[in-house]
Amino acid sequence: MIRSFLTVSTGTLASRLLGFARDSLIAALLGTGAVADAFLAAFQLVNVVRRLLSEGALNAALIPAWLGVRDREGEEAAAAFAGRVLCTVSVTLIAASLLIAALMPLIVTIIAPGFLGSATRDLAVQNARLMLPYLAFAGPVTVLMGLLNAQGRFAVTAFSPLLFNIALIAAIAALLVWHAEAGFAGWALAATVGIAGLLQLMMLLSQRSARLATPLRVSFDEEMRGFFAKAIPGMIASSGPQWLMVAGAIIASATPSAVSWLYFANRLVELPLGIVGVAMGTVLVPELTRAVGSGDRHAVAHAESRALELAAGLALPATLGLIVLAEPIVRLLFEHGAFGADDGTATAHALMWLALGLPAHVLIKAQSPAFYARSDTMTPLLATARGFLVAIALAVLLGHVFGASGIAASVAAGAWSSALSLLRKGTTEFGFSVDAAAQKRLPRIVLAALVMGSLLWLTAGLVRADSHGFIKFATLGLQIAAGIAVYGLLLQFLGVTSWREAVNALTRPSCASNPANYP
C-alpha cells in the first residue's frame with residue numbers, strides 16, 4: 001500500500017507543481033480584474049467536475065462494484081459491467097453538457113451572484129461554455145482510470161493528469177509571447193481546457209485500457225441504477241474541498257478580486273491535499289474493500305492505521321509551513337505581471353486561514369474509504385452537505401466583516417464540520433480501527449510537526465519582500481529544505497519511522513504484485 005501510495009503521490013505532486021506553474025502564468029497574464037474573476041469562476045466549475053469524476057473520486061463506487069462482479073461472476077462479466085458503465089457515463093455526460101450549456105447563465109448566477117448585472121457575468125458564461133467539452137471527455141477518462149486502479153495499475157492514472165496542465169501551460173506561454181489582450185486570452189484558455197481533456201483520454205486509450213470495458217452498451221437496467229445510486233453520492237462527497245471553495249466563491253463574488261485571491265490561495269492548499277488526499281482515495285479504497293469483504297479485521301486495522309499515520313505525517317507539517325510562510329510563498333509564486341503587491345498580501349492572508357482546514361480535509365480523505373468499502377456513500381455525502389452549509393452560513397457573516405480572509409476561515413470551519421461528523425458517525429457505526437502502533441506514533445508525529453513549525457517561524461523573517469527574485473527563491477528553498485530535514489530527523493529520533501523501515505516498505509512484496517489479487 002505504501003509503494004502504491006508513493007506512486008500516486010509522486011504523480012499528483014508532479015501535476016500540482018505543473019499546476020503552480022500554470023496558475024503563476026495565469027496570474028501574470030490575467031491579473032485579478034474582471035477578466036480573471038470571470039475565467040477563474042468558470043474554471044472552478046471545471047475543477048469541481050475534475051474532482052467529482054476523477055482523481056480517485058469514482059473509485060468510491062466503481063472499484064467495489066467492479067471487484068464484486070469479478071469475484072462473483074468472473075472477468076468477462078466484469079468487463080461487460082465496465083463496458084456498460086463506460087458507455088452510459090459517456091452518453092449521459094454528453095447530454096448533460098448540452099443541457100448545462102443552455103442553463104449556463106443561471107448556473108453562473110448561482111455560483112457567482114455578485115457578478116449579476118455586470119460584464120463579468122457575461123464573460124464567465126462565455127468561458128464556462130467554452131470549457132464544457134472537457135466534461136464529455138472526463139467521463140470515459142474517469143472510468144478507464146478507475147478500472148486501472150482496481151487492478152493496481154496506478155502509475156498511468158497517476159501521471160495522465162499532467163497532460164491537462166501541460167496543454168494549458170503551452171497555451172498561456174503562447175499568449176504571453178503574443179502579448180494577447182486579456183479578454184481574448186481568457187477565451188483562448190477556456191477553449192484549451194477541452195483540448196486538455198482530449199489529450200488525457202488519448203493517453204489512456206494508447207494503453208489499451210478500453211479492452212477492460214467491452215462490449216460498450218448504454219444501459220439503465222436495475223444493476224446500473226443501483227450502481228449510480230451509490231456512485232453519485234460518493235462522487236459528490238469525494239469532491240468536498242471543491243464544494244467548500246464553491247461556497248466561498250458564491251459569497252466572494254460580491255467583492256472585487258476576492259474570487260481570484262481565494263482561488264490562488266486554495267491552489268497552495270491543494271498541493272499537500274492532492275498528494276495525500278488523491279492517494280488516499282486511489283489506494284485505500286481497493287485495500288479496504290478487499291479487507292472488509294474478507295472479514296479480515298487485522299487487515300482493516302492495518303490499512304486504516306497506516307493511512308492515518310501517513311495523512312497526519314504529511315498534512316500537519318504542510319499546514320504549519322503554509323501558515324508560517326504564506327506571504328513569501330505567495331509573493332514568490334504569483335506576484336508577477338498584473339498580479340500586484342496588494343493582491344499578494346490579500347492572497348497570503350486568505351492562505352493562512354484556508355491552511356487551517358487542511359488537516360480536516362485530509363482526515364476526511366482518510367475516513368471516507370472506510371464508508372465506501374462498506375458500500376455506504378450517503379454518510380460522506382451528508383457530511384459534505386453539512387460542511388457546505390456551515391461554510392455558507394459563516395461566510396455570509398465573516399465575509400461581510402473580514403472580507404476574503406473571513407470567507408477563507410469559513411471554508412476551513414466547514415471542512416472541520418464535515419470531518420468531525422464523519423468521525424462521530426464512523427465511531428458509532430463500526431468503530432475506526434487504530435492499532436497500538438498508530439496510537440504510539442501519532443502524538444510523536446504531532447510533536448515533530450510542532451518543532452518543525454517553530455523552526456520555520458523563527459526563520460520566517462529571512463525572506464525580505466524587496467529581495468531579488470533569485471534570493472527569495474534560494475532563501476525560501478533553504479528554509480523549506482531545513483524544515484523537512486529537521487522533521488525527518490525528529491521522526492527517526494522519536495521512533496516514528498526509520499530509513500530501514502522505509503526501504504523495507506518499498507521493497508517488500510505486496511498484493512499489487514500478486515496475480516491472485518489482480519487479473
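Proximity of Trp187 to Leu130: side-chain heavy atoms (C-beta onward) are separated by under 4.5 Å at one or more points. Counting only heavy atoms from C-beta outward, the side chains of Leu308 and Leu363 approach each other to under 4.5 Å. Leu314 has its side chain out of reach of Pro272: every pair of non-hydrogen atoms, C-beta onward, lies at least 4.5 Å apart. Counting heavy atoms from C-beta outward, Arg267 and Arg22 have side chains that approach closer than 4.5 Å. Between Leu268 and Ile329 there is a side-chain heavy-atom pair separated by less than 4.5 Å. No side-chain heavy atom of Leu455 sits under 4.5 Å from any side-chain heavy atom of Tyr487. Counting heavy atoms from C-beta on, the side chains of Phe39 and Met131 come closer than 4.5 Å. Using a 4.5 Å cut-off on side-chain heavy atoms (C-beta onward), Ser418 and Phe388 make no contact.
Minimum heavy-atom separation, Leu93 to Gly139: CD1-CA, 3.2 Å. The two atoms that bring Ala41 and Phe115 nearest to each other are CB-CE1, 3.7 Å, heavy atoms only. The minimum heavy-atom distance linking Ser257 with Asp37 is given by the pair N-OD2, 3.2 Å. The two residues Ala190 and Asn127 have their closest heavy-atom pair at CB-O, 3.4 Å. For Leu29 against Ala185, the heavy-atom pair with the smallest separation is CD2-CB, 3.8 Å. In terms of heavy atoms, Ala415 sits closest to His361 at CB-CE1, 3.4 Å.
Residues forming a side-chain hydrogen bond (donor to acceptor under 3.5 Å, both in side chains) with Asn266 (at least two apart in sequence, or on another chain): Glu270. Shown here are the side-chain hydrogen bond (donor to acceptor under 3.5 Å, both in side chains) partners of Thr345, two or more places apart in sequence or in another chain: Arg331. Remark: Leu450 pairs with Leu320, Val446 by the side-chain contact (heavy atoms from CB on, under 4.5 Å) rule, at least two apart or across chains. Partners of Ala315 under the side-chain contact (heavy atoms from CB on, under 4.5 Å) rule, at least two apart in sequence or in another chain, are Val362.
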> What's the verdict on side chain to side chain contact (heavy atoms under 4.5 Å, CB included) for Phe137 and Met202, showing C-alpha distance, side-chain angles and the deciding distance?
Replying inline: CA-CA 10 Å; Phe137 296 124; Met202 292 173 64; over 6 Å; no

>> Quick one, Leu144 with Leu201, criterion side chain to side chain contact (heavy atoms under 4.5 Å, CB included). Give me CA distance, side-chain angles, the key distance, then yes/no.
In response: CA-CA 9 Å; Leu144 294 175; Leu201 176 59; 4.2 Å; yes

>> side chain to side chain contact (heavy atoms under 4.5 Å, CB included), that's the test. Do Leu40 and Phe264 meet it? Break it down for me.
In response: CA-CA 10 Å; Leu40 295 175; Phe264 290 119; 4.0 Å; yes

> Checking side chain to side chain contact (heavy atoms under 4.5 Å, CB included) for the pair Gln200/Met145: CA distance, chi angles, key distance, verdict?
Replying inline: CA-CA 10 Å; Gln200 193 174 353; Met145 289 174 64; 3.8 Å; yes

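Note: Ile195 CD1 to Leu163 CG = 13.0 Å, rounded to the nearest 0.5 Å. Separating the NZ atom in Lys365 from the CG atom in Leu273 is a distance of 6.5 Å, to the nearest 0.5 Å. Here the CG-CD1 distance, from Leu489 to Ile484, works out to 12.0 Å after rounding to the nearest 0.5 Å. Atoms CG and CG, on Leu175 and Leu25 in that order, are 10.5 Å from each other to the nearest 0.5 Å. Ile169 CD1 to Leu189 CG: the interatomic distance, rounded to the nearest 0.5 Å, is 11.5 Å. Expressed to the nearest 0.5 Å, how far CG of Leu322 lies from CG of Leu271 amounts to 8.0 Å.
Ser24 places a side-chain N or O within donor-acceptor distance of the main-chain N or O of Leu333, the cut-off being under 3.5 Å. Not a single donor-acceptor pair under 3.5 Å links the side chain of Ser421 to the backbone N or O of Ser417.
Note on ring orientation: taking the six-membered ring where Trp is involved, the planes of Phe43 and Phe164 are parallel (angle under 30°, cut-offs 30° and 60°).
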Indicate every side-chain donor-acceptor pair of residues 346-356 with a distance under 3.5 Å to a residue at least two apart or in another chain.
unit_1	atom_1	unit_2	atom_2	d
Thr347	OG1	Asp343	O	2.8

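Listed by first then second residue, pairs satisfying salt bridge (charged side-chain N to carboxylate O under 4.0 Å, His left out) with a partner in residues 309-320 read Arg306-Glu309, Glu309-Arg441, not counting sequence neighbours.
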